[in-house]
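One structure is given below, encoded as structure tokens.
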Protein chains: 2
Amino acid sequence: MFAGMKNYPTGSDRPPRARLFLTADVVLLTIEDDALKVVLVERTRRPDLGSLALPGGFIWHAEMAEDAARRVLAVKAGVEGDVYMEQLYTFTEPERDSRGHIISVAYVAVVRRHDLSFADGPQTETPALYPVTKLPKLSFDHGRILKYGLKRIRDKFVYTNIAYALLPERFTLSQLQRVYEIVLGRDLDKRNFRKKYLSLGMIRPVQEVLSGGRHRPAQMFEFVSRKAVALTEPVL
Amino acid sequence: MFAGMKNYPTGSDRPPRARLFLTADVVLLTIEDDALKVVLVERTRRPDLGSLALPGGFIWHAEMAEDAARRVLAVKAGVEGDVYMEQLYTFTEPERDSRGHIISVAYVAVVRRHDLSFADGPQTETPALYPVTKLPKLSFDHGRILKYGLKRIRDKFVYTNIAYALLPERFTLSQLQRVYEIVLGRDLDKRNFRKKYLSLGMIRPVQEVLSGGRHRPAQMFEFVSRKAVALTEPVL
DNA sequence: AAAATAGTGTCTATAAGACATTATGTC
DNA sequence: GACATAATGTCTTATAGACACTATTTT
């Protein structure tokens with residue numbers, strides 16, 4: 001296997017294969033109060049006790065990383081059921097965690113604020129939402145992971161339908177546009193946005209209007225598919 | 001599901017954290033005889049002895065996955081020095097390797113054919129090049145990894161300058177176009193390709209022409225940067 | 001009728017893609 | 001001068017982006 005190699009650092013005739021611990025760490029994003037926010041937990045153990053980190057957990061025997069990530073979502077943020085989640089990157093630097101050489105398989109997940117339930121559940125760590133625009137310093141290399149996750153999600157918004165993950169089943173075009181503006185962090189032109197988005201064929205009108213306040217009610221729409229779909233053409 | 005879990009499967013009060021082996025597996029691509037090819041090695045051990053697999057190796061103690069991948073490139077394909085390589089995905093299914101629960105951190109690398117040296121070097125496994133258009137069945141889940149790596153590289157060609165990894169320092173526009181055609185698997189219009197590529201400002205003409213056969217010599221170009229650069233605008 | 005958001009169309013500029021001929025070397 | 005590849009420009013169509021007013025409902 002490592003053929004031809006005569007001497008390994010250990011002096012043994014076999015390479016010093018590492019048996020490593022793996023964690024699944026999740027960049028869990030949502031929208032609250034018209035702002036994109038990320039779930040962070042306060043560490044209850046050393047090292048870095050009391051400082052903020054991404055929710056994460058060790059991968060168990062016979063478990064795949066994605067299942068561990070879903071377990072983390074359930075246990076630390078009360079998120080159950082269908083959630084948009086994708087693998088982000090695997091961080092393997094031996095020094096990234098001061099406890100030892102621990103690999104992090106990082107995920108990004110996007111949920112509606114409503115699907116987070118911090119209050120109930122047995123967690124001792126206290127999760128909370130932080131706006132991505134002004135972030136505190138995070139433990140380990142979690143700042144880097146978060147930054148990377150944010151970039152990934154912003155890219156995905158342009159090339160996929162994942163806005164569905166932040167919207168109820170039925171929504172208005174104004175709500176959809178607002179989601180894009182919050183995630184991308186810039187204002188969009190209403191007419192151009194509607195023209196473009198409708199031309200993509202990812203949403204369709206439903207027989208329902210939203211009669212909000214003292215103004216004209218809005219046509220509601222639904223996503224044709226609530227599974228992640230990649231576009232050939234960007235939204236913006 | 002996992003919320004409120006009082007007893008772990010082992011009955012212990014601590015979760016059954018797994019200590020796992022990790023491998024770095026590399027989708028190593030090159031161009032040979034006007035075809036995109038991938039390096040595969042014949043397995044010299046069980047399981048799947050004699051069948052084809054991606055070059056890979058276990059991650060060692062205090063080593064990061066990327067270093068392991070570079071070691072694999074060096075040992076199994078004689079590739080040294082600066083190589084375009086990026087992390088692809090991490091495969092963690094417990095059943096993916098029949099030897100046990102082994103994680104694969106997969107990488108894609110792109111090199112010039114000239115930089116591969118199979119002959120010399122101490123490997124007992126015999127690496128060889130296979131056209132990506134007609135691939136044999138691979139061991140484990142390597143077929144899936146390869147397919148994913150190919151997709152990644154094709155996407156990257158459209159949005160970055162990584163064509164540099166398949167070209168000598170100086171090259172003609174026809175050579176560049178040919179690289180794109182081989183990687184993407186379709187013919188491109190010469191005039192449109194030149195117009196577009198030159199407008200991106202990623203290459204510049206040098207004071208040299210290539211006088212090949214009995215025809216007009218071609219202007220040579222070089223990449224402004226031979227580091228991976230992401231574009232805001234696609235090449236094609 | 002005032003307030004508030006919904007809903008709509010045009011114009012301009014830029015880019016993509018289809019397409020054919022001339023230029024300049026070597027042999 | 002025959003051959004082979006290099007090099008080049010125009011037209012059409014589609015898309016992106018700037019931009020302002022009318023429509024409909026509630027109170």
Side-chain angles (χ1 to χ4, degrees), chain A residues 33-34 154-155 157-160 163 167-168 170-182 184-222 230-236, chain B residues 34 154-155 157-161 163 167-168 170-182 184-222 230-236:
Chain A
D33 299 335
D34 261 16
R154 287 178 169 142
D155 289 350
F157 259 74
V158 175
Y159 283 102
T160 72
L167 286 164
R170 293 168 176 199
F171 53 88
T172 68
L173 282 175
S174 294
Q175 289 168 344
L176 176 63
Q177 181 178 342
R178 195 75 197 104
V179 164
Y180 269 85
E181 290 175 335
I182 291 166
L184 299 180
R186 61 189 167 97
D187 286 352
L188 301 172
D189 179 86
K190 187 180 184 176
R191 282 164 293 187
N192 293 339
F193 178 80
R194 286 171 183 231
K195 200 192 329 174
K196 178 67 188 187
Y197 212 95
L198 287 169
S199 80
L200 297 173
M202 293 195 303
I203 59 174
R204 63 178 160 229
V206 295
Q207 280 279 78
E208 193 180 341
V209 294
L210 180 66
S211 307
R214 68 192 217 185
H215 56 77
R216 178 174 177 177
Q219 174 66 50
M220 301 202 83
F221 292 82
E222 66 183 5
L231 299 170
T232 53
E233 197 183 1
V235 175
L236 308 175
Chain B
D34 261 16
R154 286 177 170 143
D155 289 350
F157 259 74
V158 175
Y159 283 102
T160 73
N161 64 344
L167 286 164
R170 292 167 176 203
F171 53 87
T172 68
L173 281 174
S174 294
Q175 289 167 345
L176 176 63
Q177 181 178 343
R178 194 76 198 105
V179 165
Y180 269 86
E181 290 175 334
I182 291 166
L184 298 180
R186 62 191 166 94
D187 286 353
L188 301 172
D189 179 86
K190 186 180 186 175
R191 284 164 292 184
N192 293 339
F193 178 81
R194 289 173 179 231
K195 200 191 331 174
K196 177 71 189 184
Y197 212 93
L198 287 170
S199 79
L200 297 172
M202 293 195 302
I203 59 174
R204 62 176 160 230
V206 295
Q207 279 279 75
E208 194 180 338
V209 293
L210 181 66
S211 307
R214 65 193 220 186
H215 56 77
R216 177 174 177 177
Q219 175 65 49
M220 301 201 83
F221 292 81
E222 66 183 4
L231 299 170
T232 52
E233 197 184 1
V235 175
L236 308 176

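Owing to the predicted nature of the structure, the values given are computational and were not obtained by experimental measurement. Below, read A as the first sequence line, B as the second, and so on, with proteins coming before strands; counting in each chain starts at 1.
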For B/Val209 and B/Gln219, the nearest pair of non-hydrogen atoms, with its separation, is CG1-CA, 4.2 Å

B/Lys195 atom NZ is separated from C/dC19 atom P, nearest whole Å, by 13 Å

Tightest non-hydrogen contact, residues B/Phe157 and B/Tyr180, listed as O-OH, 3.0 Å

Using only atom types and a distance under 3.5 Å, with no angle test, would you say the side chain of B/Glu233 pairs donor to acceptor with the backbone of B/Leu200? no

| message | Side chains of B/Tyr197 and B/Val235, heavy atoms from C-beta outward: is any pair under 4.5 Å? | response | yes

Minimal heavy-atom distance between B/Arg186 and B/Leu236, with the atoms involved, is NH2-CD1, 3.8 Å

Closest to the 5' end of DNA chain D, once A/Pro234 and B/Met220 are matched to their nearest nucleotides, is B/Met220

Atom CD of B/Glu233 and atom P of D/dA16 are separated, to the nearest Å, by 12 Å

Could you check whether A/Lys196 gets within reach of a base, just the sugar-phosphate, or nothing at all, counting any heavy atom under 4.0 Å? sugar-phosphate

From the candidates D/dA7, C/dT10, C/dG25, the one with an atom nearest any side-chain atom of B/His215 is C/dG25

Walking DNA chain C from its 5' end, the first of B/Gly213 and A/Phe221 to be reached, judged by nearest nucleotide, is A/Phe221

Which part of the nucleic acid, if any, lies within contact of A/Ser174, taking any heavy atom under 4.0 Å across all strands shown: a base, the sugar-phosphate backbone alone, or nothing?
sugar-phosphate

Rounded to whole Å, CG of B/Asp189 lies from P of D/dG9 at a distance of 15 Å

The answer to which of A/Arg194 and B/Val235 contacts DNA chain C further toward the 5' end, by nearest nucleotide, is A/Arg194

C/dG7 OP1/OP2 closer than 4.0 Å to side-chain N/O of A/Arg216:
no

Whole-Å distance, A/Phe171 CZ to C/dT5 P, equals 20 Å

Atom CG of B/Leu210 and atom P of C/dG25 are separated, to the nearest Å, by 13 Å

From CG of A/Leu200 across to C1' of D/dA16 the rounded distance in Å is 13 Å

To the nearest angstrom, the CZ-C1' distance between A/Phe193 and C/dG7 comes to 14 Å

Whole-Å distance, A/Asn192 CG to C/dC11 P, equals 15 Å

